[in-house]
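As structure tokens, the structure follows; a few thoughts come after it.
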Amino acid sequence: MEKLYTDLLPNFGIGIISGLITALLILIFRYWWLGILRPWYEERVYKDSRIDKTWYAYTDDSKGTEPEELQWNLKQVAHEIHGTIICLGGLDKGKSYEVKGSFHNLILTAVYKSTDSTALDRGTISLMLTNNGQTLKGYCSYYSSSSNAIATCSYECERTRRNINS
């Protein structure tokens with residue numbers, strides 16, 4: 001009986017060590033696949049429109065308030081979109097937001113949240129690429145702290161900035 005335990009202990013230890021090494025190799029391969037190889041491959045075969053770079057967005061909430069002007073700085077890897085939104089004019093002037101989403105079949109769907117961790121500003125965006133790739137049009141749904149409800153506004157984004165003063 002004692003010989004059985006002395007033979008079993010080294011085998012048990014080898015089994016645990018080989019299981020840990022296997023789990024570590026699987027984690028490394030998963031990170032490499034999802035973080036490096038898959039995005040690289042998707043970027044190589046991506047054939048849809050590109051919407052990365054800078055966009056200028058203008059809201060129209062039809063409530064008599066000052067329309068907002070926003071600068072969107074987007075980066076694109078295949079269908080995935082991420083970047084920042086900076087308010088250039090309007091009630092939220094100076095605020096910035098982080099945006100993440102996807103772009104499929106001329107439709108951008110994204111979520112955004114404030115870069116200020118104490119702010120509740122967040123919402124969703126659905127836009128369609130139109131005008132031969134020069135305009136994104138659609139709607140934004142967001143949390144309105146003044147009415148404590150979900151509100152919507154229309155958006156129009158252009159690749160070039162409008163001259164507001166004219």
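Remember, predicted model here, so these are calculated numbers, not experimental data. Heavy atoms only: backbone and side chains are in, while hydrogens, waters and symmetry mates are out.
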Item to complete: Taking the side chain as every heavy atom from C-beta outward, state whether T84 and S96 have any pair of such atoms under 4.5 Å apart.
Response: no

Response to the item:
Note: with side-chain heavy atoms under 4.5 Å as the link, the other cluster members for L20 come out as F12, I16

Worksheet item: Taking C-beta and beyond as the side chain, do L129 and T135 meet within less than 4.5 Å on heavy atoms?
Response: no

Worksheet item: Does a donor on one side chain and an acceptor on the other come within less than 3.5 Å for D121 and Y112?
Response: no

Worksheet item: Could you give the distance from NE2 (H104) to OG (S49), rounded to the nearest 0.5 Å?
Response: 13.0 Å

Worksheet, complete the sentence: Output for pair (W55 CH2, Q134 CD), nearest 0.5 Å, gives 6.5 Å

Item to complete: Would you give the length of the straight line joining atom CG of L136 to atom CD1 of I107, rounded to the nearest 0.5 angstrom?
Response: 9.5 Å

Worksheet item: Same hydrophobic cluster for L37 and V45, using side-chain heavy-atom links shorter than 4.5 Å among ILVMFWY?
Response: yes

Discussion item. Going by salt bridge (charged side-chain N to carboxylate O under 4.0 Å, His left out), name the residues that satisfy it together with K100, two or more places apart in sequence or in a different chain.
Written reply: E98

Worksheet item: Under the side chain to side chain donor-acceptor pair (under 3.5 Å) rule, what pairs show up with a residue in residues 10-23, not counting sequence neighbours?
Response: none

Fill in: Residues in salt bridge (charged side-chain N to carboxylate O under 4.0 Å, His left out) contact with R122, at least two apart in sequence or another chain
none

Practice prompt. Just jot down the salt bridge (charged side-chain N to carboxylate O under 4.0 Å, His left out) partners of D116, sequence neighbours excluded, or say none.
Written response: none

Discussion item. Using the rule side chain to side chain contact (heavy atoms under 4.5 Å, CB included), only one of I85, T54, V99 pairs with N73; which is it?
Written reply: T54

Practice prompt. Applying side chain to side chain contact (heavy atoms under 4.5 Å, CB included), run through H82 and K75 and close with a yes or a no.
Written response: CA-CA 5 Å; H82 65 278; K75 294 184 171 106; 3.7 Å; yes

Worksheet item: What's the spacing between Y155 OH and T59 OG1 if we round to 0.5 Å?
Response: 6.0 Å

Item to complete: Kindly check if the number of other-residue, nucleotide or ligand heavy atoms within 6.0 Å of CZ (R44) is above 12?
Response: yes

Discussion item. T109 vs I125, test: side chain to side chain contact (heavy atoms under 4.5 Å, CB included). Steps then yes/no.
Written reply: CA-CA 6 Å; T109 55; I125 301 165; over 6 Å; no

Worksheet item: Salt bridge between R161 and E69, side-chain N to carboxylate O under 4.0 Å?
Response: yes

Item to complete: For Q76 and D52, work out which heavy atoms get closest and say how close.
Response: OE1-N, 3.4 Å

Practice prompt. Give, for atom NZ of K53 and atom CZ of R159, the distance between the pair rounded to the nearest 0.5 Å.
Written response: 9.5 Å

Worksheet item: Taking only residues two or more places apart in sequence, or in another chain, which ones meet W32 in a ring-ring contact (aromatic ring centres under 6.0 Å, His included)?
Response: F29

Worksheet entry | Verdict with supporting geometry, S154 and Y139, side chain to side chain contact (heavy atoms under 4.5 Å, CB included) | CA-CA 4 Å; S154 64; Y139 295 91; 3.7 Å; yes

Practice prompt. I would like to know whether Y56 and C157 meet side chain to side chain contact (heavy atoms under 4.5 Å, CB included); could you show each step before the answer?
Written response: CA-CA 5 Å; Y56 295 94; C157 303; over 6 Å; no

Worksheet item: Between OH of Y97 and OG1 of T115, what distance do you get to the nearest 0.5 Å?
Response: 8.5 Å

